[in-house]
Structure formats: structure tokens, C-alpha cells
Amino acid sequence: MMPNVKLTTNPIDASELSFDDFKTIVIKDYKIAFESRQASLLGRKEVLTGKAKFGIFGDGKEVPQIAMAKAFKNGDWRSGYYRDQTFAFATGICTLKEFFAQLYANPSVEADPASAGRQMNCHFATRSINEDGSWKNLTEIKNCSSDIAPTGGQMARLVGLAYASKLYRQNPELSYLKNFSVDGNEVAFGTIGNASTSEGVFFEAINAAGVLQIPMAMSIWDDAYGISVPAKYQTTKEDISEILKGFQRDENAAGYEIYKVRGWDYPALCEIYQRAIDVCRTEHVPVLIHVTEVTQPQGHSTSGSHERYKDKARLEWEREYDCILQMRKWMIESAIATEEEIAELEATAKKLVRETQREAWNEFLATIKIEKDQVIAMINSIAKGNQSLLKIAGQLAGTPDALRKEVISAARKVLRLTVQNPSSERTELLNWYVSQNELNIDRYNSKLFTDGKESPFLVTPVSAEYDEESRMVDGRELLNACFDANFARDERLVAFGEDLGAIGDVNQGFAGLQAKYGDLRITDTGIREMTIVGQGIGLALRGLRPIAEIQYLDYLLYALNILSDDLASLSYRTKAGQKAPVIIRTRGHRLEGVWHSGSPIGMILGSLRGLHICVPRNMTQAAGMYNTLFRSDEPALVIECLNGYRLKEKLPENVGAYTVPLGKAEIVRQGTDITVVSYGSTLRIVEEAAEELAQFGISVEIIDPQTLLPFDTDHLCAQSLSKTNKLLVVDEDVPGGGAAFILQQILEEQNGYYHLDGQPKTLTAKAHRPPYGSDGDYFSKPSVDDVVETVYQMMNESYPGKYPAIF
């Protein structure tokens with residue numbers, strides 16, 4: 001039960017305002033808050049009446065968000081969660097009509113600029129890039145990184161958004177990037193619900209920001225619950241700012257400034273936000289604003305009612321301390337507005353919200369109604385008295401607010417029913433459906449990648465150049481030379497990760513580069529994989545070119561939620577409104593033991609659509625891929641071969657300039673009897689096996705796809721199968737993992753099954769992680785012996801007389 005405290009009398013700092021000016025500001029704030037509340041109430045009704053699918057709203061948080069919006073300036077960034085609609089209205093990030101357009105999932109970028117109908121309501125975003133993928137001037141607008149629904153997920157990128165301001169302020173080499181920062185004065189605003197502060201990523205991000213000392217302003221909306229679960233089950237001491245007191249800075253150590261303010265106290269909120277953000281912006285100190293005594297009038301979402309889990313006393317307190325009601329009282333008591341003036345304002349606001357909702361609904365239906373009328377007319381034309389077809393047309397006509405799926409479904413059903421009755425009328429419907437299908441792919445399935453003018457597929461291919469004096473060097477030295485050349489070329493490049501800075505990473509790819517380029521550009525981090533990735537996302541959103549290192553591929557699991565939920569879906573969920581060209585650098589495949597030999601490729605392929613997945617077989621190929629990615633603007637994961645750093649390779653003369661195109665497979669050995677597809681470390685095993693198989697007269701063609709996403713865009717694998725008619729896929733993932741994806745691509749996407757004269761096979765690791773030691777590796781992952789015997793057995797099945805069984 002909350003204490004029955006009285007309203008504060010702390011005034012807003014109005015020393016430079018006349019009373020009339022002050023009154024105008026307050027009334028405008030109240031108007032925005034009240035309109036937002038009406039949008040929440042009406043939005044819930046629209047869901048419960050079936051016009052929208054699901055609703056989650058920001059009611060109860062209107063007044064603190066008004067106060068936060070006052071401190072939010074052009075160039076600033078928000079990384080929040082799905083309760084910030086009043087802040088979005090107050091800053092202009094979202095309009096009322098756009099709010100309802102998103103609720104109805106309008107697939108138009110013009111109607112819903114945040115997501116083109118791809119995101120649930122109250123998931124906000126501003127459009128950072130133009131249609132061609134070029135950047136807008138982000139210093140001239142109020143910026144909002146695209147929301148994600150997983151609780152706490154917004155925290156990781158928030159670290160990077162704030163860290164960018166530090167780099168822009170402290171690195172004079174970045175001063176030419178005028179469209180991204182004004183001397184690093186931008187604040188990154190984060191918001192989260194009190195219950196979500198229980199998430200590990202929250203604590204990881206809070207700690208990272210404290211270590212980095214960056215201008216991050218973290219607001220916690222504390223309504224004492226997490227859906228139905230009260231704070232006593234969520235937070236030690238039931239108070240997040242209480243347990244974070246150790247982060248408070250003092251004369252002995254850097255840290256946070258921590259503030260606590262009640263969510264219904266409009267003057268205090270305005271004062272606290274102004275003070276906190278001034279400190280954050282000028283001193284580059286992270287601040288935390290714990291907004292307590294917040295209410296949630298409609299409960300968590302449209303899928304439930306809070307009356308089920310809040311007792312009578314709590315509900316009565318929430319009604320009394322509703323922030324809008326308390327602001328209303330304060331305005332009357334302070335003679336800012338009369339009861340009559342406020343009532344008139346409220347009536348006008350209700351009317352405006354209702355009219356805006358209707359307008360958004362009618363605009364959503366307008367295009368669909370045209371398509372619906374077209375389909376009904378075409379079906380009636382086809383029917384010629386056929387009652388089954390007329391019934392379909394009648395059912396569609398009798399659905400007043402039909403959705404697009406009902407229109408398209410009716411057309412498809414008629415096309416199926418008339419497949420044996422061709423006519424010009426049916427052809428007209430078929431052509432209409434084909435054209436609509438193209439439009440619907442754009443509406444609902446497009447822009448997994450930005451596909452702009454800096455696409456990696458537009459990077460000019462440049463071959464590696466060698467001369468007679470080209471040296472043989474360790475693979476690590478080749479990578480080091482590549483990074484050195486590119487850091488000298490492009491001041492936007494930064495790299496960070498565990499052990500990356502001082503010692504130059506555990507395998508020496510960055511050896512000596514921190515000393516050369518400084519610790520702002522190449523730096524160590526703590527052990528915090530989620531926020532290492534988030535640091536990269538935030539920097540990339542702000543125009544920098546980060547390399548975020550995850551030390552081993554096994555540790556990618558710690559960051560998979562951020563990679564999958566945020567980075568991989570960013571372009572898609574904004575319909576190319578935002579981009580984050582971060583490169584995730586890691587190393588994997590064969591090493592030793594359960595935790596350092598991972599090849600979870602199936603997991604990666606299943607969860608990271610929206611990233612390019614690069615699996616170079618050696619460091620020459622890895623460097624070429626980096627060179628391509630550094631010159632393009634789409635995110636990627638590069639998995640270097642763990643056992644390749646000390647293998648000798650010839651150093652290209654143009655080590656920082658040659659490129660390896662993404663999606664282009666390569667034949668690394670010509671053959672005629674069987675096609676073996678492999679990648680990464682396993683490829684060398686296949687090459688060694690091919691030498692032994694040649695002694696049996698078996699000619700192996702080896703193909704390295706080089707990237708798994710995209711995979712062999714020229715269909716080199718299928719072309720090889722047309723010659724060999726046999727296929728073996730070798731990889732280190734578990735059975736049915738990466739190899740299953742490769743089979744699907746070759747057999748289904750490339751129609752490779754046409755060329756087979758026998759069963760395609762896979763050779764993978766065992767279904768468990770490898771035990772420690774060389775013997776563990778040998779008995780768990782594909783060996784030369786395994787490859788030789790598998791290929792030989794496949795030849796035995798086709799030519800038993802020529803290749804008698806070994807066993």
C-alpha cells in the first residue's frame with residue numbers, strides 16, 4: 001500500500017517565464033498527456049472489438065514522460081520499451097494517427113513510419129536513412145532506435161548509443177561526421193519497467209555504462225508489478241534504486257548520479273529531469289531516474305485485467321494517484337487553469353482522438369476495399385451462375401471490414417476451384433493475383449537487409465595481388481595487416497572486446513594496433529557479451545563502423561538474444577528505416593573441449609537471418625571478407641578458424657583492399673566423381689582426404705561456399721552435381737544442423753536433386769559437444785579417416801565391383 005502523501009509544492013523553474021507563458025506550457029503538457037490517455041483507452045477498445053490484434057499501452061506514465069520529453073533535444077537518442085507513447089507524442093517521434101495506424105498494422109511506411117505495420121503497437125522508431133540507404137542528418141531530428149518487445153532487450157544497444165557520444169566528443173578525428181553528432185553533446189535516453197530490471201542484461205548494461213562513463217540517462221517506470229507479480233518477488237528490498245546505491249559517484253570514484261521521484265508529481269518530475277539531463281549531457285556521467293508510485297490504469301495489456309491480482313486498497317490508491325488526475329488537481333490549486341477550462345480541453349481532446357482513430361482506420365481499409373471490390377467483381381464474372389463461386393463472392397461482400405488476407409484467400413480459393421476451367425475471366429483474376437503477390441511481398445516480406453547503395457553486393461570485386469617478393473606469414477599477421485590498413489583508411493572504424501586492446505586479442509589479430517590508433521578506437525571490455533554486441537549496435541546506428549568481438553563462438557550464446565531479437569531484425573522491422581552495420585568478429589570450430597570447440601551453425605542460421613554469415617577457410621579469405629564488409633553497410637558475423645592463426649599464408653600486396661564477394665562459392669579442387677561441400681576448418685580435412693582418395697582413383701570436387709548467408713548465389717554446387725551426380729556435405733555441427741541447411745539450399749533452392757544418382761549424405765560431428773583432448777576431437781568431429789571412408793562407401797554403393805567394401 002502506497003503512503004497517502006500530499007502533492008509537492010516545488011515549482012517548475014520559471015524564472016525566465018511570465019506566468020502566462022508558464023501557464024501555456026503547462027496546459028500544453030496536460031493536453032498531450034490527456035490525449036495520450038484517451039488513445040490508450042480507445043486503443044484497448046479497438047482490440048477488444050476485433051479491429052486490432054493486441055494492445056499494450058503507456059497509460060499511467062503520461063506525466064513523467066512529459067517531463068522526460070522536455071529534456072530531450074535534437075540529436076538525442078531513445079532506446080526504450082513499449083510504454084513510452086506519451087514521450088513519443090510529446091517529442092513528435094509519433095503522431096496520434098501513426099499510433100493508430102500501427103495498432104491496425106497498416107503496411108504503409110507513410111502511415112506507420114516506425115515499422116510499416118510490422119511491429120506491435122507502441123513500438124517506436126524514427127527513420128534514420130533515406131530510401132537509397134544513405135544517412136539523414138541525425139543531429140537535426142529527435143532519434144528513436146527501433147523498439148523490441150523482449151523485456152530488457154533495449155538495454156544493450158543503449159550502451160552503444162551513449163558510448164558514441166563519448167567517442168564523438170573525445171576523438172577529434174571524427175569531427176568531420178557532422179550529420180551524426182555535435183561535439184558529443186547527445187544524450188541516450190533509456191526506459192524500462194521496474195520488473196524488467198531483474199533481467200541480466202539490465203545489470204550488465206548498468207555496469208558497462210558506469211565503467212565507460214557515458215551520457216546515458218536511464219528512466220525506470222516503477223508501478224510495483226511485473227504483469228501480476230509484485231515487486232517483492234522481483235527486486236531485493238523491492239526498490240531498484242536502493243540496491244543500486246553502490247553505483248552512486250562520490251569524491252573517490254566515478255559512477256552514476258541517481259535520482260528518485262514520484263510519477264504523479266509534475267513539478268518535481270520536470271525539475272528532476274532538467275537537473276539530471278544537464279549533468280548527463282555536460283559532464284558525460286550516466287544518470288538513473290527511478291520514477292516511483294507509477295500506476296497502470298488498464299493493467300498490463302489487452303490480454304488480461306489487473307483487477308485479478310491487485311487488491312481493493314491498491315486499486316483505490318491507483319485511482320487517487322493517477323498522474324493525470326494529480327496534475328489536474330495541481331493545475332487548479334495553482335490557478336493555472338479552472339475546472340471549466342480543463343473540462344473543455346478534455347472534451348476537445350476526446351473528440352480529436354476519436355476522429356483521428358476513425359481516420360486511421362479508414363485509411364487502413366481504403367486500399368483493401370479497392371482490392372476487395374476488384375476481387376468480388378472478377379469472381380462474379382468468372383462464376384457465370386456457379387453457386388460455389390458466387391457464395392465465395394457473397395461471403396467476401398458480406399464482410400464489411402475485410403482484411404487483406406480474406407481478400408487474397410478468396411481469390412486463391414477461386415483459382416483453385418477453377419483450375420480445370422480456363423477462361424479469359426480466370427486469367428484476369430490470375431494476373432491480378434500475381435501482381436498483388438508482388439505488392440504483398442514488398443508489404444510483408446521485404447528488406448531483411450537494407451539493400452541500399454552501400455550494399456555489399458555493390459562492392460567492386462578486387463583480387464588479391466601477389467608478386468615474387470610476397471612473404472609467407474602466419475594467418476594472424478595477415479589479419480593484423482588487414483585491420484591496420486583499414487583503420488588507417490577509415491576513422492569510423494572502432495574495435496572492442498575482451499582482451500582485444502592491450503594484448504591485441506587472444507590470437508594477436510590486433511597486436512600493436514591499440515598503441516598505434518589509441519584506446520578510443522581499439523579497446524578492451526569487461527566480460528559482458530550482451531552489451532559488447534549492444535555497444536556495436538548503438539555505435540553503428542550513429543554512423544560509426546564497429547567491430548564487436550566475441551572471444552569464442554561458444555560465447556555467442558551469451559549474446560544470441562541481442563543478436564537475434566535486435567540486430568538481425570532491425571532492417572526488417574523498420575522496413576529499412578534504420579541500419580546498424582556492425583561486424584561481429586569471433587573464432588570457432590576446432591579447438592579443445594566442451595566450451596572451446598563449438599560450431600553451432602544450425603543455431604546461428606536459424607536465429608540470425610538478417611546477418612551475413614561468413615565462414616572463411618583461412619585468413620586470406622577472412623581478410624577479403626572484412627574488406628568487403630568495411631566498404632558496405634550491412635551487419636555480419638565473421639567466424640575465423642581457430643586453428644588457422646599460425647598456419648602460413650602468402651601476404652597479399654593489397655591486403656587492405658582486395659575483396660571476397662559475399663555469397664560466392666569457390667571450387668577449391670576440381671573433380672569428376674563426387675562433390676563435397678564444406679567450409680571453415682573442416683575444409684582442410686576434406687582437402688587432405690581428397691589426396692588419399694585420389695590413390696583409389698576417386699576424383700573429388702571440393703566446394704567452399706565461403707558464406708552461409710547468403711549461400712552460393714551462382715548455384716556452383718548444382719553445377720558441380722550436374723557433373724559428379726554425388727553429394728556429400730561435411731561440417732562440424734551436430735547432425736541435422738548446418739549440414740541440413742546446406743542440403744536444403746542445394747537440393748531445393750538449386751534443384752540439385754535432379755542431378756543425383758544416389759542418396760546425398762552428410763558427415764557431421766556427434767550429437768554432443770566434444771570432450772577435451774585430441775582423442776576427444778577425433779572421436780567427436782569429422783576426421784580425415786571419416787571423410788575418406790564416407791566418400792569411398794558412397795562410391796562402393798554405385799560401383800561395388802570397382803570399390804569393394806572396406807569393412
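One-based numbering along the sequence shown.
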Value rounded to 0.5 Å, distance of CG in Asp84 from SG in Cys122: 8.5 Å

Where Glu320 and Leu325 come nearest, the two heavy atoms and their spacing: O-CD2, 3.7 Å

Donor-acceptor contact below 3.5 Å, side chain Gln234 vs main chain Asn194: no

Rounded distance (nearest 0.5 Å) linking atom CG of Asp633 with atom CH2 of Trp135: 8.0 Å

Short side-chain to backbone donor-acceptor contact, Asp183 and Arg169, under 3.5 Å: no

Centroid-centroid under 6.0 Å between Phe72 and Phe87 rings: yes

Pair Arg44-Asp59, salt bridge (Lys or Arg N to Asp or Glu O under 4.0 Å): steps then yes or no: CA-CA 11 Å; Arg44 183 179 179 90; Asp59 46 302; over 6 Å; no

Between CD on residue Gln85 and CG on residue Leu96, distance to nearest 0.5 Å: 9.0 Å

Check: Arg542/Ser165 side-chain N/O donor and acceptor closer than 3.5 Å: yes

Side-chain H-bond candidate by donor/acceptor type, Thr151 with Glu199, under 3.5 Å: yes

Ionic contact status for Asp112 with Arg118, cut-off 4.0 Å: no

Ion pair check, Asp322 and Arg37, cut-off under 4.0 Å: yes

Main-chain N/O of Met530 paired to Glu204 side chain as donor or acceptor, under 3.5 Å: yes

Gln357 side chain vs Leu42 backbone, donor-acceptor pair below 3.5 Å: no

Student check: side-chain heavy atoms of His284 and Pro215 closer than 4.5 Å: yes

Lys/Arg-Asp/Glu bridge criterion (N-O < 4.0 Å) met for Arg249, Glu257: yes

